[in-house]
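Below, each value reflects all heavy atoms present in this structure, side chains not excepted, and no hydrogens, waters or symmetry copies. Counting begins at 1 with the first residue of the sequence.
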Amino acid sequence: MREIRELDTVELILEAQGVLDAIRGPERVVDAGTLRALQQSGNYAVGFFDEGRMVGASVAFFGEPSSRSMHSHITALLPEFRGRGWGRELKEHQRQWALSRGVGNVTWTFDPLIARNAHFFLTVLGAKVTGYAVNQYGIFGGGDAGDESDRLDVKWALADIAKHPQNGDVVETLSIPRDVEQMRREDPAEAHSWRMKLRREMAVLTNRGLKIGGFEADRGYMFVAK
């Protein structure tokens with residue numbers, strides 16, 4: 001049996017910290033004290049349970065009052081529980097929680113080289129890319145494995161899900177590796193080369209007045225006219 005529960009006890013907070021540490025490696029995403037403070041001040045902090053075991057977590061906090069937005073700091077499942085549609089369940093729970101509190105948009109960032117996230121966020125959820133940030137968090141371990149942490153900024157308009165672009169509207173495409181995470185383990189230099197290549201080509205295309213309209217595994221990022 002699966003369930004999503006608020007992290008409303010110290011024990012659950014510590015369990016969630018352990019789950020997130022297991023997902024992200026040596027670089028801690030959020031410590032237990034901060035997680036507890038976010039939960040107690042009314043922000044979104046939940047665990048995803050399968051048969052009583054916490055296998056994922058999601059943390060988001062409110063943005064500026066006038067923006068009616070939340071920023072999703074992390075939403076993740078342990079690797080062995082991915083590919084089952086549970087990530088979508090967790091994000092849909094976040095969506096309904098936000099809508100019930102008058103929030104219209106959820107924002108977050110993600111590594112543009114990770115194809116599974118690009119597909120999930122842009123194609124499955126229908127979020128829109130709003131910007132590209134170079135080395136947003138500096139160089140650290142975690143998911144970037146010591147490389148520079150370029151990120152795409154996205155906005156998920158909860159009542160206006162973005163539609164997949166029509167073929168006739170796609171002006172350019174930009175491919176990425178199918179599994180950069182494995183590449184980082186086996187050939188970090190090649191992974192860094194991809195980081196620099198993607199950064200350059202993103203800049204060229206956006207300077208031409210194009211924007212990312214979607215993502216497909218075989219084609220990569222699909223650019224459309226603004």
Side-chain angles (χ1 to χ4, degrees), residues 60 63 67-76 82-83 85 87-88 91-92 94-95 98 103-139 143-145 147-184 187-226:
S67 68
R68 294 181 60 244
S69 69
M70 291 197 323
H71 184 77
S72 183
H73 185 53
I74 186 169
T75 298
R82 295 171 186 164
R88 187 169 189 173
K91 291 301 286 187
E92 181 58 29
Q94 186 183 79
R95 177 175 179 267
V103 172
N105 303 290
V106 177
T107 63
W108 63 87
T109 69
F110 76 94
D111 185 342
L113 279 173
I114 299 182
R116 61 179 174 82
N117 283 347
H119 169 76
F120 179 52
F121 297 147
L122 306 186
T123 306
V124 177
L125 296 183
K128 295 179 181 178
V129 174
T130 58
Y132 185 97
V134 172
N135 201 23
Q136 181 155 330
Y137 303 110
I139 298 175
D144 296 280
D147 200 358
E148 296 185 35
S149 55
D150 289 16
R151 292 293 185 267
L152 282 176
D153 301 313
V154 298
K155 177 186 287 187
W156 194 23
L158 303 182
D160 183 24
I161 304 302
K163 295 180 175 58
H164 197 67
Q166 299 294 317
N167 282 334
D169 295 328
V170 177
V171 179
E172 295 283 358
T173 61
L174 182 54
S175 64
I176 60 174
R178 287 190 174 273
D179 191 349
V180 76
E181 293 164 299
Q182 180 177 349
M183 184 185 294
R184 284 171 178 155
D187 191 347
E190 179 66 12
H192 177 71
S193 177
W194 270 100
R195 171 71 81 208
M196 296 298 104
K197 175 185 176 183
L198 185 66
R199 180 187 295 178
R200 291 191 301 269
E201 295 191 8
M202 283 276 189
V204 169
L205 293 170
T206 54
N207 286 338
R208 286 174 51 190
L210 304 178
K211 66 177 182 179
I212 296 173
F215 181 86
E216 288 183 358
D218 293 334
R219 303 170 71 188
Y221 291 100
M222 297 178 290
F223 285 78
V224 299
K226 290 184 179 179

Residue pair [X] / [Y], side-chain heavy-atom distance below 4.5 Å:
X: Leu122; Y: Val129; value: yes
X: Phe215; Y: His164; value: no
X: Ile212; Y: Leu152; value: yes
X: Leu158; Y: Arg68; value: no
X: Arg208; Y: Glu172; value: yes
X: Lys128; Y: Val154; value: no
X: His71; Y: Val106; value: no
X: Arg219; Y: Val170; value: yes

Over all atoms of both residues, closest heavy-atom pair of [X] and [Y]:
X: Ser67; Y: Gly63; value: OG-C, 4.0 Å
X: Arg178; Y: Ala115; value: O-CB, 3.9 Å
X: Leu198; Y: Leu174; value: CD1-CD2, 3.5 Å
X: Ala191; Y: Val180; value: CB-CG2, 4.3 Å

Q.
One thing to verify: whether Lys163 and Asp169 come together as a salt bridge, which I'm taking to mean a side-chain N less than 4.0 angstrom from a carboxylate O.
A. no
Q: Taking the six-membered ring of Trp108 (Phe, Tyr or Trp), confirm whether the NZ or CZ of Lys91 is under 6.0 Å from its centre and within 45° of its axis.
A: yes
Q. Looking at Arg184, Arg199, Arg116, which one forms a salt bridge (Lys or Arg N to Asp or Glu O under 4.0 Å) with Asp111?
A. Arg184
[X] side-chain N/O to [Y] backbone N/O, donor-acceptor pair under 3.5 Å:
X: Thr123; Y: Phe120; value: no
X: Trp156; Y: Leu125; value: yes
X: Ser149; Y: Gly138; value: yes

Side chains of [X] and [Y]: donor-acceptor distance under 3.5 Å anywhere?
X: Ser175; Y: Tyr221; answer: no
X: Asp153; Y: Tyr132; answer: no
X: Gln94; Y: Ser72; answer: yes

Q) Got a sec: does the CZ of Arg88 have more than 12 other heavy atoms crowding it under 6.0 Å? A) no
